[in-house]
Structures are given as structure tokens and as C-alpha cells.
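Note on naming: letters A, B, ... go to the chains in the order of the sequence lines (proteins, then strands), and numbering restarts at 1 for each one.
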2 protein chains.
Amino acid sequence: MLRLSKLTDYAVVVLTRLDDAAEGGVLTAPVLAGNTGLAEPTVAKVLKILAHAGLVEGRRGALGGYRLTRPLATIPLIEVITAMDGPIALTACVDNSFGVCESESACPVRGRWDPVNEAIRRALTGISIADLAGPPAIVPHPEPAFPIFAAE
Amino acid sequence: MLRLSKLTDYAVVVLTRLDDAAEGGVLTAPVLAGNTGLAEPTVAKVLKILAHAGLVEGRRGALGGYRLTRPLATIPLIEVITAMDGPIALTACVDNSFGVCESESACPVRGRWDPVNEAIRRALTGISIADLAGPPAIVPHPEPAFPIFAAE
DNA sequence: GCAATTAGGACCTTGATGGTCCGGATTGCA
DNA sequence: TGCAATCCGGACCATCAAGGTCCTAATTGC
């Protein structure tokens with residue numbers, strides 16, 4: 001299905017809700033769970049991963065919570081996907097690990113998936129989380145030119 | 001990981017190998033299995049799905065086999081992915097089926113994934129199977145302009 | 001009639017994903 | 001100083017779809 005994980009979907013929702021916090025304020029995992037309608041342990045898991053990626057910042061103790069480290073408009077979608085799902089890699093043969101594919105010698109598309117991955121990577125880089133959460137009006141993207149096969 | 005299924009990967013390999021057949025000739029599943037290094041039942045499965053999608057044509061009986069219905073250059077990658085994996089849909093909330101998501105009322109990104117799916121869809125439409133199997137030299141794509149957020 | 005081949009589907013196994021839970025560390029407050 | 005709230009890190013298990021195999025028809029050529 002070429003789908004991304006639910007955790008990534010949750011992450012986008014949580015990030016947009018986290019944006020509702022007052023300036024400099026923090027939101028706790030239970031509060032975010034309530035706001036999003038997601039289960040609290042799940043939200044906590046998402047926040048931990050996002051914190052590990054540096055997208056959010058956790059503060060412990062009483063009056064602790066999470067807050068964004070950057071405005072949503074400066075967070076490209078691919079960064080969230082990479083944080084939650086790992087690097088974009090449509091197939092297993094994208095890395096240069098030889099010897100793992102038994103069809104290696106006969107495979108005619110070996111190494112050819114890279115441009116595809118790159119094309120998708122660029123598409124996801126050009127969309128910010130703010131674009132997903134923003135007002136209904138679509139904001140034209142500042143980088144309209146999009147050559148699929150750039151010079152390698 | 002944002003990966004597509006192995007079957008799709010196999011499909012691309014099989015299609016490129018199928019292109020080796022002589023003009024008008026056919027290749028049988030066992031032969032293709034030998035050429036690709038994949039298991040014969042797996043190749044047969046892939047071919048059946050591709051035949052159902054109209055990308056290849058099967059001929060039964062003795063001297064039967066499969067052949068391409070179109071040149072590889074005219075088959076966009078997305079067509080193979082759609083045939084093998086189903087339609088591109090990064091998240092479950094892309095269709096307009098209301099009432100299935102318990103967080104529906106609180107979800108701030110509802111319906112906002114469509115542009116993302118569309119962006120990826122375009123990226124994959126601009127790449128043909130021939131591009132994946134072709135010579136190392138990258139062929140510049142005839143449709144370089146790629147507005148992420150087109151007017152809706 | 002027989003062999004070769006595709007067509008269609010059932011079946012089982014395996015791995016990743018989704019989701020939950022627990023103990024420990026940190027912080028603020030009484 | 002003790003306590004409560006909260007994040008942090010990881011382990012754990014259930015579920016589900018993907019991967020892969022196999023079997024039985026249907027078709028075709030010799």
C-alpha cells in the first residue's frame with residue numbers, strides 16, 4: 001500500500017496540537033492524549049521518539065511537559081517520517097550492502113531505485129507540518145521546480 | 001520505513017527481464033524464475049497479478065508464456081506499484097470515509113494528507129520502468145516542473 | 001490423449017507494527 | 001526532607017498483513 005506507519009500519522013497530529021501551547025509553555029502527555037483522542041501510552045511513545053529526534057523538547061518533573069523546539073513551518077514532513085519510520089527506502093537494495101541479495105548478479109534494477117527514493121524524498125521535503133495543519137487555503141510552495149532526475 | 005512490498009520490487013525485475021524476450025516471443029514463469037533468481041511460485045504469483053492489471057499478457061498451453069503488452073518506457077512506475085500494492089495512500093484517513101476514525105473531531109490534519117499523496121503520486125508517475133532498467137545514463141525527464149501544491 | 005502452461009485461489013508461516021506496561025530519574029513544592 | 005508529578009528508557013505481548021508455497025482447474029499444442 002505504500003503507507004507510512006500509524007505512529008507517523010500520530011506524530012503529525014501531536015505536533016500540530018503541541019503548537020497550541022502558549023508561548024514558551026509546555027503540554028504534558030496526558031493533556032495531549034486528551035486533545036488528540038489518542039491513548040496516553042501511545043502519545044507518550046510518540047513524544048519520546050520525537051524528543052529523541054530533537055523535534056520536541058521534554059522537561060521532567062512537576063510542571064514538566066513537552067514543547068516544540070522549532071516552529072511547525074520549519075519542520076519538513078520528511079523529518080517526521082524519518083524520525084518515526086526510519087530513512088526513506090522503498091526497497092531493501094537501496095543501501096550499498098552487497099552480498100545480501102541472492103538475486104544480486106541477475107538483478108537488472110540494482111542501484112536504480114535511488115533516484116526514485118530521491119524523488120520521493122524531495123517531495124516530502126517540500127511539505128512542512130504547518131502545511132498539513134494550516135488553514136484550508138493552500139500555500140504555494142516556494143520551490144515549485146521539481147526535476148525528478150537531477151544530474152547525479 | 002515507507003517501503004513498498006517485495007512483490008512490487010519483484011514485479012519490476014520480472015518486467016525488465018520480460019523485455020529480453022524476442023519480438024513477439026513469450027517467456028514462461030520457470031524461465032523467468034531462472035533468469036531473475038527468484039522462486040518459481042513467487043514469479044508465477046507476480047505474473048498473475050501483472051496480467052490481471054493488463055501489464056503483461058499470458059498465453060496458456062504448450063508454447064505458452066507471458067509477454068509485455070506495452071514497451072517498458074510507456075509503463076510508469078506508479079502503475080506497477082498500484083497493481084501490486086494497491087492505490088497510493090499514505091494514511092488510512094485519505095478517503096472520505098467519515099466515522100471510522102475515533103479522533104475524527106479532534107484531528108487537525110484531517111483531509112490534509114491528500115496533497116502529500118498527490119505529490120508522491122506525481123513523482124512516481126514521472127518515472128518509467130525503462131528508467132529503472134535502462135542504461136546507467138540518466139534520461140532527463142520530459143516533465144521537470146513539479147509544483148508540490150498545485151491549485152486545488 | 002498427453003504434456004505443458006497459465007488461472008485462480010487456499011493455506012500457513014513469519015516478521016514488523018501497534019499498543020501497553022514497568023521501573024528509574026528528574027523536578028518542583030509543601 | 002519527603003512527596004507527587006512527569007519524563008526517560010526499555011521490555012513485553014498481541015495482532016495483522018506480507019511472503020511464500022501448494023493444489024486444482026482450464027487451456028493449448030503436438
Side-chain angles (χ1 to χ4, degrees), chain A residues 1-11 13-14 18 21 25-34 36-67 69 81 83-86 89-92 101-103, chain B residues 1-11 13-14 18 21 25-34 36-67 69 81 83-86 89-92 101-103:
Chain A
M1 257 267 250
L2 190 65
R3 62 162 60 147
L4 42 80
S5 71
K6 288 187 180 179
L7 272 300
T8 304
D9 195 3
Y10 298 161
V13 175
V14 168
L18 208 48
V26 297
L27 290 179
T28 68
V31 167
L32 283 169
T36 58
L38 302 173
E40 181 179 328
T42 302
V43 172
K45 185 177 191 172
V46 169
L47 285 169
K48 278 184 280 189
I49 299 176
L50 291 176
H52 205 265
L55 294 175
V56 302
E57 198 176 35
R59 178 178 179 79
R60 298 192 193 181
L63 302 185
Y66 289 94
R67 68 175 173 185
T69 56
I81 294 178
M84 305 300 298
D85 276 5
L90 288 190
T91 67
C101 177
E102 65 277 5
S103 313
Chain B
M1 257 265 250
L2 190 64
R3 62 165 57 149
L4 41 81
S5 71
K6 288 187 180 179
L7 272 300
T8 304
D9 195 4
Y10 298 160
V13 175
V14 168
L18 209 48
V26 296
L27 290 179
T28 69
V31 168
L32 283 169
T36 58
L38 301 173
E40 182 179 326
T42 301
V43 172
K45 186 177 190 173
V46 168
L47 286 168
K48 277 183 279 191
I49 299 175
L50 291 176
H52 205 266
L55 294 175
V56 302
E57 199 176 36
R59 179 177 179 78
R60 297 192 194 182
L63 303 185
Y66 289 94
R67 68 175 174 185
T69 56
I81 294 178
M84 304 301 296
D85 275 7
L90 288 190
T91 67
C101 177
E102 66 276 5
S103 312

Report the C-alpha separation of V43(B) and Y10(B) in whole Å, then their side-chain angles, then the decisive distance to 0.1 Å, and conclude whether the side-chain contact (heavy atoms from CB on, under 4.5 Å) test is met. CA-CA 8 Å; V43(B) 172; Y10(B) 298 160; over 6 Å; no
Do the side chain of T36(B) and the main chain of L32(B) share a donor and acceptor less than 3.5 angstrom apart? yes
Taking the nucleotide of DNA chain C with the nearest heavy atom to each, does P30(B) or R59(A) sit closer to the 5' end? P30(B)
Using a 4.0 Å heavy-atom cut-off across all strands, classify A29(B) as base, sugar-phosphate, or nothing. sugar-phosphate
Expressed in angstrom and rounded to an integer, what is the separation of Y66(B) atom OH from dT28(D) atom P? 14 Å
Let me know the distance between CD1 of I49(A) and C1' of dG18(C), rounded to the nearest Å. 11 Å
Flag, side chain of T8(B) to backbone of I81(B), donor-acceptor distance under 3.5 Å: no
Reading nucleotides 19-24 of chain C 5' to 3', which nucleotides get B (base under 4.0 Å from a protein heavy atom), which S (sugar-phosphate only), which -? BB----
Whole angstroms only, please: what is the CG-C1' distance between L50(A) and dC7(D)? 14 Å
Figure out the CG/C1' separation between L4(A) and dG18(C), and round it to whole Å. 14 Å
When the nearest nucleotide of DNA chain D is assigned to A62(A) and to E57(A) on a heavy-atom basis, which residue is associated with the more 5' position? A62(A)
For the pair D9(A) (side chain) and L4(A) (backbone), establish whether a donor and an acceptor sit closer than 3.5 Å, ignoring hydrogens and angles. no
With the side chain counted from C-beta on, respond yes when M84(A) and L50(A) share a heavy-atom pair under 4.5 Å apart, and no when they do not. yes
CG of L47(B) versus C1' of dG8(C): gap in Å, rounded? 14 Å
Nearest-Å distance for atom pair CE/C1', residues M84(A) and dA16(C): 15 Å
Rounded to whole Å, CG of L32(B) lies from P of dT5(C) at a distance of 12 Å
Verify the contact: side-chain N or O of T28(A) to OP1 or OP2 of dC7(D), cut-off strictly under 4.0 Å; return yes or no. no
On DNA chain C, more 5' by nearest nucleotide between L63(A) and T8(A) is T8(A)
Separation of dT17(C) atom C1' from D85(A) atom CG, nearest Å, is 10 Å
Between Y66(A) and L27(A), is the side-chain contact (heavy atoms from CB on, under 4.5 Å) condition met? List the steps. CA-CA 5 Å; Y66(A) 289 94; L27(A) 290 179; 5.9 Å; no
Quick one: does any side-chain atom of T69(B) pair with a main-chain N or O of E57(B) as donor and acceptor, under 3.5 Å? no
